[in-house]
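Working notes, beginning with the structure itself.
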Amino acid sequence: PALAKLATGVAASGLIAFAAYVWSGQALLSHLGRPIAAAMLTHGVADGRVRWTTDSGWTFRRARLAGTADPATRAAVIADVRAAPGIADAEWIDAR
């Protein structure tokens with residue numbers, strides 16, 4: 001019985017944690033995306049996009065940027081994004 005209680009507790013905790021991530025994750029990423037949209041528009045990147053997940057599906061606070069821009073514009077956008085609070089880092093993922 002003790003092992004069953006432990007397994008039930010672990011499963012319930014995991015389910016609660018996953019539900020909290022799903023429920024609050026989109027709001028957090030939307031909040032973090034606002035300064036990115038502003039930076040891209042300021043520097044004239046009209047087709048800019050941001051991705052918060054890695055290729056394997058993990059979500060991080062590292063902005064993976066894409067869009068049509070020359071290297072100087074990309075550097076300026078990345079500098080603005082890195083200065084935004086809550087964003088760990090930024091990189092441009094598509095090649096021109």
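None of these values were measured; they are calculated from a predicted model. Heavy-atom basis, side chains included; hydrogens, waters and symmetry copies ignored.
Heavy atoms only, all atoms of each residue included: Val50 and Ala63 are closest at CG2-CB, 3.8 Å. Of all the heavy atoms in Ala39 and Val81, the pair that sits closest is CB-CG2, 4.4 Å.
A 4.5 Å side-chain heavy-atom check between Thr68 and Val45 finds every atom pair outside the cut-off. Inter-residue side-chain proximity for Trp92 and Val77 is flagged as met; some heavy-atom pair is nearer than 4.5 Å. Under the 4.5 Å side-chain criterion, counting only non-hydrogen atoms from C-beta, Arg49 is not in contact with Leu65.
Remark: Arg74 CZ to His43 NE2 distance equals 14.0 Å, nearest 0.5 Å. Taking CD1 of Ile78 as the reference point, atom CZ of Arg82 lies at 5.5 Å (rounded to 0.5 Å). Here Thr53 contributes atom OG1 and Phe60 contributes atom CZ; the two are 10.0 Å apart, rounded to the nearest 0.5 Å. Between atom CD1 of residue Ile36 and atom CD1 of residue Ile87 there is a gap of 4.0 Å, rounded to the nearest 0.5 Å. Put simply, CZ on Arg64 and CD on Glu91 are 5.0 Å apart, with the number rounded to the nearest 0.5 Å.
Looking at Asp47, its side chain never comes within 3.5 Å of a backbone N or O of Gly67 through a donor-acceptor pair.
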Identify each donor-acceptor pair in which a side-chain atom of residues 5-14 lies under 3.5 Å from a protein atom, sequence neighbours left out, and give them as a table.
| from | atom 1 | to | atom 2 | distance (Å) |
| --- | --- | --- | --- | --- |
| Thr8 | OG1 | Ala4 | O | 2.8 |
| Ser13 | OG | Gly9 | O | 2.9 |

